[in-house]
Amino acid sequence: MAISVVCLHIFILLAIFFLSFLWYLKNQFPKPPRNRPAIPPGSQGLPFLGETLKLYSQSPSVFFGSRHERYGEIFKSHIHGSPCVMLGSPEAVKFALVTEAHLFKQIYPRSKEQLIGPWAVFFRDGEFHSRVRKLVQGSVSLEVIRRMVPAVESLAVAALESCCGDSPPAAVNTFHAMKKFTFEVAIILIFGQLDSVLTEKLREIYFTIDGGYNSFPINFPGTPFRRAFLARRRLGKILGEIISETREKRLAQKNLLSSLLNYCDEEEQVLSDDQITDNVVGVLFASQGTTASALAWVIKYIHDYPLLREAVEREQQAIYEANDGGRRPLTWDQTRNMPYTYKVVLETLRMATVLSYTYRVAVEDVEYKGMLIPKGWRVMPLFRIIHHNQDFFPESEKFDPSRFEAAQRPNTFLPFGSGIHACPGNEVAKLEILVLIHQLVTKFRYEVVGPADGVEYSPFPVPTGGLVAKFTKN
Ligand code: HEM
């Protein structure tokens with residue numbers, strides 16, 4: 001009797017499980033009703049898991065490249081637990097990010113919001129987004145960053161000197177050294193001058209958060225995510241103290257923190273401490289790893305291609321000599337007049353594509369070229385696929401700065417995204433890269449001693465091992 005009751009329970013449980021599974025499949029792979037446009041072609045992989053494991057086991061170039069070749073400019077998949085439509089053409093990306101941007105909203109996993117803070121500008125849409133975005137844009141305007149050249153220059157020299165160490169030179173992880181440099185530039189953007197002990201403390205805590213950003217998001221003692229989560233709390237507390245002190249001093253400064261603190265809308269609403277803190281952490285995150293990744297790549301390319309190196313050296317040496325053998329500092333005008341090096345920077349941003357793709361979510365059923373993007377599905381503009389498309393960039397795997405002598409076709413060069421969420425910090429990033437290259441090729445020598453090929457994701461792409469190299473000062 002007892003056995004048959006147990007069997008009945010097991011049978012009911014299995015039936016419930018089976019029916020839920022059918023229900024799940026029906027919802028994951030909805031059939032469009034008659035007269036409704038078809039969902040784009042593609043595969044959604046395994047039930048529940050989708051294609052996420054495949055994405056992580058292959059590189060984004062292979063994963064997206066093979067599907068783009070097979071299905072065309074727009075195709076479906078299933079990533080991070082959500083059905084999605086990948087957009088691999090300039091027109092489709094423009095559609096989602098610019099012309100019909102109102103049909104797509106920002107979406108990020110909750111774990112990322114927990115580590116950065118839900119009020120960060122790139123998590124938001126609408127009124128709040130446009131207000132804070134204006135404040136960020138104001139703090140990185142050309143007017144502001146032109147005054148930053150001397151500070152960026154001394155931080156670049158310090159970063160490169162710290163790579164040299166003792167003699168004989170030790171092998172260093174170039175990406176880590178560049179992260180320190182870009183962190184310090186971000187600190188200046190956000191706070192103006194900040195005490196060096198406090199900067200170091202913030203750096204240590206921030207790097208613990210950064211270390212958990214790409215980890216599996218389980219908030220369990222001992223996991224990297226947990227460490228990052230606790231570090232974010234500590235960082236929030238310290239930033240809260242800096243905010244209170246700065247508020248009391250009422251200093252008339254032009255940096256991001258003071259813009260956030262002084263903000264007041266028509267209804268006399270100010271930003272809360274949480275909103276300010278989340279945006280400080282947000283800008284640290286958006287600016288630091290991205291620019292360090294681009295720097296690691298440009299240093300690698302200059303190393304790998306001797307002709308490129310010669311041309312960059314020639315241009316930079318002329319500036320160095322004009323500055324009395326580097327005794328006078330670089331000027332803003334000089335940083336705006338490095339035509340060859342600038343093209344090297346653009347080609348690096350194309351080749352490396354620091355942000356391979358981004359995400360949005362469809363707020364309603366959207367039709368694109370006779371295909372349906374169902375409400376609630378994610379769309380993923382694939383910047384990397386466009387940057388490596390032979391139709392827009394012939395011999396796309398060749399590093400060729402001369403391709404930037406001509407203007408690019410609209411919406412084919414998108415290292416900083418496009419539309420209302422496009423990167424407001426692109427000029428700062430380019431300034432950091434140009435200034436560091438100037439110092440590197442005029443005052444230092446280096447040799448890559450680690451793996452020469454391969455890419456790692458941190459989450460941004462970096463040369464394998466972070467580009468292990470030995471640096472010496474001339
Ligand atoms: C090479 C370096 C960089 C690259 C490749 C890069 C790339 C990007 C891209 C592609 C986006 C758009 C993302 C999307 O549409 O979802 C973006 C947004 C953003 N970036 Fe950058 N970025 C870089 C450096 C910086 C720097 C130095 C700052 C410093 C202010 C910064 C601040 C931001 C912010 C605040 C956003 C969000 C804007 C918004 O949502 O309105 N980025 N970045």
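If you read the sequence from its start, that first residue is 1, and numbering goes on from there. What you see below is based on every heavy atom in this structure, not just the backbone, and it leaves out hydrogens, waters and symmetry mates. First listed ligand is number 1; within each ligand, the first listed atom is number 1.
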**Student:** Minimum distance, heavy atoms only, to atom 16 (O) of ligand 1: which one of Ile433, Leu97, Thr358, Leu414 is it?
**Tutor:**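 Going through Ile433, Leu97, Thr358, Leu414 one by one, Thr358 has the nearest heavy atom to atom 16 (O) of ligand 1.
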
**Student:** Ignoring hydrogens and geometry, is there a side-chain-to-backbone donor-acceptor pair from His438 to Leu330 under 3.5 Å?
**Tutor:**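 It does not hold such a pair.
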
**Student:** Which of the numbered atoms in ligand 1 are under 4.0 angstrom from any heavy atom belonging to Ile420?
**Tutor:**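 Reading through ligand 1 atom by atom, the close ones are 41 (O).
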
**Student:** Show which atoms of ligand 1 fall inside a sub-4.0 Å distance from at least one heavy-atom site of Val354.
**Tutor:** 5 (C)

**Student:** Check the orientation of His387 and Phe413. Use parallel for under 30°, tilted for 30 to 60°, and perpendicular for over 60°.
**Tutor:**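 Taking Phe413 first and then His387, their aromatic rings sit tilted (interplane angle of 30° to 60°).
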
**Student:** When you check the space around atom 21 (Fe) of ligand 1, which protein N, O or S atoms turn up under 2.8 Å?
**Tutor:**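 Hits for atom 21 (Fe) of ligand 1 below 2.8 Å: Cys423 SG.
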
**Student:** Out of all atoms in ligand 1, which are within 4.0 Å of some heavy atom of Pro415? Include the element for each.
**Tutor:** 5 (C), 7 (C), 10 (C)

**Student:** Going by side chain to side chain contact (heavy atoms under 4.5 Å, CB included), Leu135 matches just one of Leu261, Leu271, Asn279, Ile276. Which one?
**Tutor:** Leu271

**Student:** Check ligand 1 against Arg360 and write out every atom of the ligand that is under 4.0 Å from a heavy-atom position of the residue.
**Tutor:** 14 (C), 15 (O), 16 (O)

**Student:** Please identify which atoms of ligand 1 are closer than 4.0 Å to at least one heavy atom of Phe122.
**Tutor:**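 By the 4.0 Å cutoff, the relevant atoms are 37 (C), 40 (O).
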
**Student:** Looking only at heavy atoms, what is the nearest atom pair of Val93 and Leu382, with distance?
**Tutor:** CG2-N, 4.3 Å

**Student:** Any cation-pi pair here, Lys430 with Tyr342, using under 6.0 Å and within 45°?
**Tutor:** no

**Student:** As a check for students: among Lys134, His421, Lys430, identify the option with a heavy atom nearest to atom 40 (O) of ligand 1.
**Tutor:**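 It is His421 whose heavy atom sits nearest to atom 40 (O) of ligand 1.
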
**Student:** Test of understanding: given a 4.0 Å heavy-atom threshold, classify the contact between Gln288 and ligand 1 as side chain, backbone, both, or neither.
**Tutor:** neither

**Student:** Under 3.5 Å, which donor-acceptor pairs link side chains of residues 107-115 to any protein atom two or more places apart or in another chain?
**Tutor:**
residue	atom	partner	partner atom	Å
Lys112	NZ	Tyr213	O	2.8

**Student:** What atoms of ligand 1 come closer than 4.0 angstrom to any heavy atom of Thr291?
**Tutor:** 1 (C), 2 (C), 24 (C), 27 (C)

**Student:** Taking the six-membered ring of Tyr359 as reference, does the cationic atom of Arg378 (NZ for Lys, CZ for Arg) lie under 6.0 Å from its centre and within 45° of its axis?
**Tutor:**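 Pair Arg378/Tyr359 counts as cation-pi.
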
**Student:** Can the positive tip of Arg124 be found less than 6.0 Å from the middle of the six-membered ring of Phe128, inside 45° of the ring normal?
**Tutor:** yes

**Student:** Is any side-chain heavy atom of Phe63 closer than 4.5 Å to one of Glu51?
**Tutor:** yes

**Student:** Applying salt bridge (charged side-chain N to carboxylate O under 4.0 Å, His left out), run through Lys201 and Glu204 and close with a yes or a no.
**Tutor:** CA-CA 5 Å; Lys201 193 169 169 189; Glu204 201 189 305; over 6 Å; no

**Student:** Which bit of Arg133 is near ligand 1, meaning a heavy atom under 4.0 Å away: side chain, backbone, both or neither?
**Tutor:**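 Side chain only.
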
**Student:** Check Ser418 against ligand 1 and report side chain, backbone, both or neither, counting heavy atoms closer than 4.0 Å.
**Tutor:**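 The answer is neither.
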
**Student:** When you measure from the side chain of Gln439 to the backbone N and O of Leu160, does any donor-acceptor pair fall under 3.5 Å?
**Tutor:**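 It does not hold such a pair.
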
**Student:** With a 4.0 Å cut-off on heavy atoms, is His129 in contact with ligand 1?
**Tutor:** yes

**Student:** Only one of Leu436, Thr291, Leu467, Val462 clears side chain to side chain contact (heavy atoms under 4.5 Å, CB included) with Met178; which?
**Tutor:** Leu436

